[in-house]
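Right, one structure below, let's go through it.
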Amino acid sequence: MYIRKQRLLTPGPTPLYPPALHAMMASDIHHRTEDFRRVYRSCLADLKEVMATANDVLLFAASGTGAMDASVSNLFSRGDKVIVCCAGKFGERWAEIAKAYGLDANVLIVPYGQVVSPAQVEAALAAEPATKAVFVQASETSTGAAHDIRAMAAAIAKTPAVFIVDAITGLGTMPLDIDGWGLDVVIGGSQKAFMIPPGLAFLSISPKAWKLAETATLPHYYFNLKKEKKSGDAGESSWTPSTALILALAEALRYVKQIGMDKLIRNAQLLAEATRAAVLKLGLELFAPGSPGSSVTAVKAPAGLDSSVIVKEFRSRFGAIIANGQGSMKGQIFRIAHLGYFDFMDLFAVIAGLELILKANGLPVEFGAGVAAAEEIYQKASQQ
Ligand SMILES: *Cc1c(COP(=O)(O)O)cnc(C)c1O
């Protein structure tokens with residue numbers, strides 16, 4: 001009761017991998033030295049390895065949005081026709097970036113909680129053969145829904161358009177066969193499944209996407225993909241890198257490689273499955289029941305209870321920070337994260353906390369019912 005450990009349980013920033021945090025203390029290193037180049041090279045090589053791609057991978061000192069911005073400003077020209085899949089707050093961000101740079105965007109909007117279907121993308125491509133790119137979120141963190149990236153890629157690969165995937169919470173939570181499916185740009189961020197603090201963004205870029213960079217005329221300076229590629233090949237970043245975060249990333253990637261990317265994904269999928277089972281058992285509803293992703297589970301607040309109350313009580317009773325809904329979803333949903341450095345002990349605690357909070361707010365909760373549902377999933381998985 002009197003000790004409440006602070007626990008960061010949001011879908012970004014996510015819980016930190018302690019050895020990566022400790023590695024940050026060695027940041028009294030200069031970035032134009034062989035010692036640092038060794039670390040920087042290992043980050044680029046390990047990112048390629050865990051993303052399982054032969055494409056170039058580039059790193060930026062920025063939050064994830066920086067790499068989203070870079071993928072637009074480096075590959076397109078004013079007035080270019082593009083398709084934006086918009087299923088939530090991050091889809092809206094793609095639309096806003098496209099608008100800011102003067103692209104001619106056909107925004108395929110679906111209600112929050114739903115996803116854009118591959119058939120919608122195919123139809124939009126057929127209607128506008130001059131389309132240069134399709135933008136999407138692999139996992140729409142604001143609603144907990146996941147897009148069918150593989151089927152979308154199959155439709156896009158038949159056209160001249162490139163496929164640009166914000167996989168900032170998709171990487172490490174769902175299979176993404178970058179080379180096999182033809183994902184031209186795949187964007188990640190440090191503070192999601194990569195278990196370190198915010199401040200690094202990265203992307204993979206295919207030869208098909210590199211071709212666009214040859215003719216693109218949008219202005220850009222700080223985020224310069226060609227320059228970054230040249231610097232990266234020399235083991236350096238174009239500008240002063242976030243040295244501390246690079247040291248952390250190297251350590252976190254060592255861990256991810258040791259577990260294996262497939263196991264990291266399986267971990268998220270199992271926790272997501274257990275979360276869904278637990279909240280349904282408690283009589284709650286999922287916000288994206290049709291296509292739930294594994295990075296985060298969005299849960300509807302029960303009738304008559306604002307989700308902000310649930311979020312606040314997690315904080316005041318248990319010191320735990322969980323995510324509310326974003327934008328107009330605030331107060332309607334709360335989100336339980338499972339990407340990166342989350343395990344079943346975290347989840348058991350979150351579900352038990354949720355039971356206590358619901359009960360305290362007058363809901364008919366049988367203590368242990370949700371936890372038991374999660375335990376069943378754990379037990380089934382551990383016997384396999
Ligand atoms: C976190 C996140 C981003 C990036 O947001 P930043 O605040 O710039 O790191 C982009 N897309 C998705 C789907 C995200 O979850």
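Read the numbers this way: they start at 1 and go in the same order the structure lists the ligands and their atoms.
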For atom 8 (O) of ligand 1, which of the options Leu339, Asp69, Thr65 provides the nearest non-hydrogen atom?
Thr65

N/O of Phe90 under 3.5 Å from N/O of ligand 1, yes or no?
no

Any Lys192 heavy atom less than 4.0 Å from ligand 1
yes

Take the angle between the ring planes of Tyr255 and Tyr17 and call it parallel below 30°, perpendicular above 60°, tilted in between.
parallel

Ligand 1 versus Ser295, non-hydrogen atoms closer than 4.0 Å: side chain, backbone, both, neither?
neither

Counting from 1, what ligand 1 atoms have a heavy atom of Ser139 closer than 4.0 Å?
13 (C)

Residue pair Leu200 / Ile196: nearest heavy atoms and the distance that separates them
CD1-CD1, 4.2 Å

Test of understanding: given a 4.0 Å heavy-atom threshold, classify the contact between Glu140 and ligand 1 as side chain, backbone, both, or neither.
neither

Look only at the side chain of Lys5 and the backbone of Ala320, and say whether a donor-acceptor pair between them is shorter than 3.5 Å.
no

Would a distance-only check, ignoring hydrogens and angles, find a side-chain to backbone donor-acceptor pair under 3.5 Å from Glu228 to Ser238?
yes

Find all atoms of ligand 1 within a distance of less than 4.0 Å from any non-hydrogen atom belonging to Arg93, and give their numbers and elements.
4 (C), 5 (O), 6 (P), 7 (O), 8 (O)

Is the Phe76 to Phe135 ring centre distance short of 6.0 Å?
yes

Among Asp166, Thr10, Thr141, Ile168, which one has a heavy atom closest to atom 11 (N) of ligand 1?
Asp166

Taking the basic N atoms (NZ, or NE/NH1/NH2) and the acidic carboxylate oxygens, is any pair closer than 4.0 Å for Arg276 and Glu273?
no

